[in-house]
Amino acid sequence: MIVKPHDKMKEIWWLEALYRRLLREHPSKKTVELDLIKKKREVRGEREVDYPLSFLPKNDYFILHNLRIRDENGYFQIDTLILSASFMLILEVKNWYGTLIFGEKGQVIRIGDNQEEEGFSSPIPQAKTQQYRLQRWLQKHGYTKVLLPFFVVISFPSTIIKVASPDKHIPEEVVHNNELFFEIQELGQNHPARTYKMNQLKNLASLLIKANVPKPAKTLDKYGVSKNDDLIKGVICPFCSAYPLHKERLNWFCKKCGKSSENEHLTALKDYKLLIGETISNHDAREFLQVQSSHKVKRLLQKAGFPCTGNNRWRVYKL
């Protein structure tokens with residue numbers, strides 16, 4: 001069973017909000033777009049791996065995604081860790097697409113759709129380092145008898161894996177996504193001895209979750225963005241991306257495409273929450289939504305059901 005799910009969607013929402021709100025001429029606009037594409041590919045690759053893992057008997061395995069644990073050397077990250085009674089399996093997921101060529105001195109060459117070559121270091125030393133650091137962490141916490149293999153999983157089924165020459169070979173730890181379930185089955189058949197009981201593994205899963213330290217959230221400073229000068233203010237049209245929409249009675253109207261939307265201010269306030277903060281005053285809401293009337297904004301915030309604290313001009317709403 002999955003006891004720690006994936007946790008990268010919030011980063012995607014943050015990047016989407018920043019890309020939507022960042023002025024077109026800002027020098028970091030392209031960087032944000034590329035980071036968003038990369039993060040979406042990561043999530044898509046993780047979901048590809050979820051499919052073969054779904055065939056594992058839920059009562060025999062504990063699955064933990066996206067672990068980041070501190071040790072004496074800083075932090076080490078594990079894409080997926082699978083706990084079973086006879087082994088604990090590390091999955092290093094690679095979202096490489098196109099054609100992969102395993103070549104000389106551990107280098108991996110990726111040929112993309114545009115036929116351009118891109119070089120990567122072999123993922124095997126990286127996975128071995130994670131294996132070593134996790135083994136040391138487990139021993140420190142009393143789990144001394146642990147079989148701790150690893151697989152490097154190529155997540156996309158369409159990815160082609162080759163070798164540079166006939167005398168080379170693909171490392172046996174490299175597994176294509178569509179083979180993953182069967183490789184895990186074979187691992188269990190080759191190592192049938194049960195080292196730990198399920199209640200012990202459950203306790204270990206809880207310990208790992210408690211030890212997990214999420215990556216620090218991205219900030220506007222990372223991209224050199226000023227919340228006052230570089231972000232688009234106002235409600236953005238969901239149909240043509242024009243801004244700001246104008247509030248007239250019950251709807252928001254777009255002068256460019258002529259379409260209307262009733263609750264698009266909620267999307268704007270979600271952007272505010274992601275990029276600026278989880279609380280907002282009437283004054284800040286007026287400025288961000290580009291609405292002059294404090295009474296209109298008050299009604300919008302109250303109708304949305306946001307809890308508030310304070311009175312009059314000191315009142316703030318929790319988004």
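- From Met1, atom CE reaches atom CG of Leu53 across 14.5 Å, with rounding to the nearest 0.5 Å.
- Counting heavy atoms from C-beta on, the side chains of Leu81 and Leu89 never come closer than 4.5 Å.
- Atom CD of Glu72 has more than 12 neighbouring heavy atoms from other residues, nucleotides or ligands inside a 6.0 Å radius.
- Side-chain contact, Thr267 with Glu264: a donor N or O sits under 3.5 Å from an acceptor N or O.
- Two residues are said to be in side-chain contact when any heavy atoms from C-beta on lie closer than 4.5 Å; Leu23 and Ile232 meet this criterion.
- Atom CG of residue Leu91 and atom CG of residue Leu64 lie 11.5 Å apart, to the nearest 0.5 angstrom.
- Here the closest heavy-atom approach between residue Gln135 and residue Val146 is recorded as NE2-O, 3.4 Å.
- In the model, Glu92 has a side-chain atom that pairs as donor or acceptor with a side-chain atom of Gln130 under 3.5 Å.
- More than 12 heavy atoms of other residues, nucleotides or ligands lie within 6.0 Å of NZ in Lys218, so this atom counts as buried by the packing criterion.
- In this structure, the side chains of Ile280 and Phe306 stay at 4.5 Å or more apart for every pair of heavy atoms.
- Side-chain atoms of Gln139 and Lys145 form no donor-acceptor pair, as typed in the model, at a separation below 3.5 Å.
- Aromatic ring pairs are classed by plane angle as parallel below 30°, tilted from 30° to 60° and perpendicular above 60°; the pair Trp96 and Phe120 is tilted.
- For the pair Arg68 and Phe76, the cation-pi test (distance below 6.0 Å, angle within 45°) is failed.
- Note that CD of Gln131 and CD1 of Ile78 are 10.0 Å apart. Values are rounded to the nearest 0.5 Å.
- No side-chain N or O of Asn212 forms a donor-acceptor pair with one of Arg70 less than 3.5 Å apart.
- In this structure, Lys270 satisfies the cation-pi test against Trp13, with its NZ or CZ atom closer than 6.0 Å to the six-membered ring centre and inside 45 degrees of the ring normal.
- When the side chains of ILVMFWY residues are joined at heavy-atom separations under 4.5 Å, either directly or via intervening members, Leu36 and Val225 end up in a single hydrophobic cluster.
- For the pair Lys29 and Tyr19, the distance from NZ or CZ to the six-membered ring centre is under 6.0 Å and the angle to the ring normal is within 45 degrees.
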Margin query: I'd like to know whether Trp137 forms a side-chain contact (heavy atoms from CB on, under 4.5 Å) with Leu207, so could you lay out the CA-CA distance, the side-chain angles of the two residues, the decisive distance to 0.1 Å, and finally the verdict.
Written below: CA-CA 11 Å; Trp137 188 91; Leu207 187 64; 3.9 Å; yes
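- Around atom NZ of Lys39, more than 12 heavy atoms belonging to other residues, nucleotides or ligands sit under 6.0 Å away.
- To the nearest 0.5 Å, the span separating CG on Leu22 from CG on Leu275 amounts to 9.5 Å.
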| message | Using the rule given for side chain to side chain donor-acceptor pair (under 3.5 Å), can you reason through Asp35 versus Tyr223, listing the C-alpha separation, both sets of side-chain angles and the distance that settles it, and then say yes or no? | response | CA-CA 11 Å; Asp35 285 352; Tyr223 295 97; 2.6 Å; yes
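- Minimum heavy-atom separation, Asn282 to Ser294: ND2-O, 3.0 Å.
- Between Phe181 and Phe55, the distance from one ring center to the other falls under 6.0 angstrom.
- Proximity of Asp7 to Lys4: side-chain heavy atoms (C-beta onward) are separated by under 4.5 Å at one or more points.
- Note that the NE2 atom of His191 and the OG atom of Ser84 stand 10.0 Å from one another [nearest 0.5 Å].
- Using modelled atom types, one finds no donor on one side chain facing an acceptor on the other under 3.5 Å when comparing Asn95 with Glu46.
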Review item, side-chain donor-acceptor pairs of residues 234-252, under 3.5 Å, at least two apart:
residue : atom : partner : partner atom : Å
Lys247  : NZ   : Arg249  : O            : 2.4
Trp252  : NE1  : His265  : ND1          : 3.1

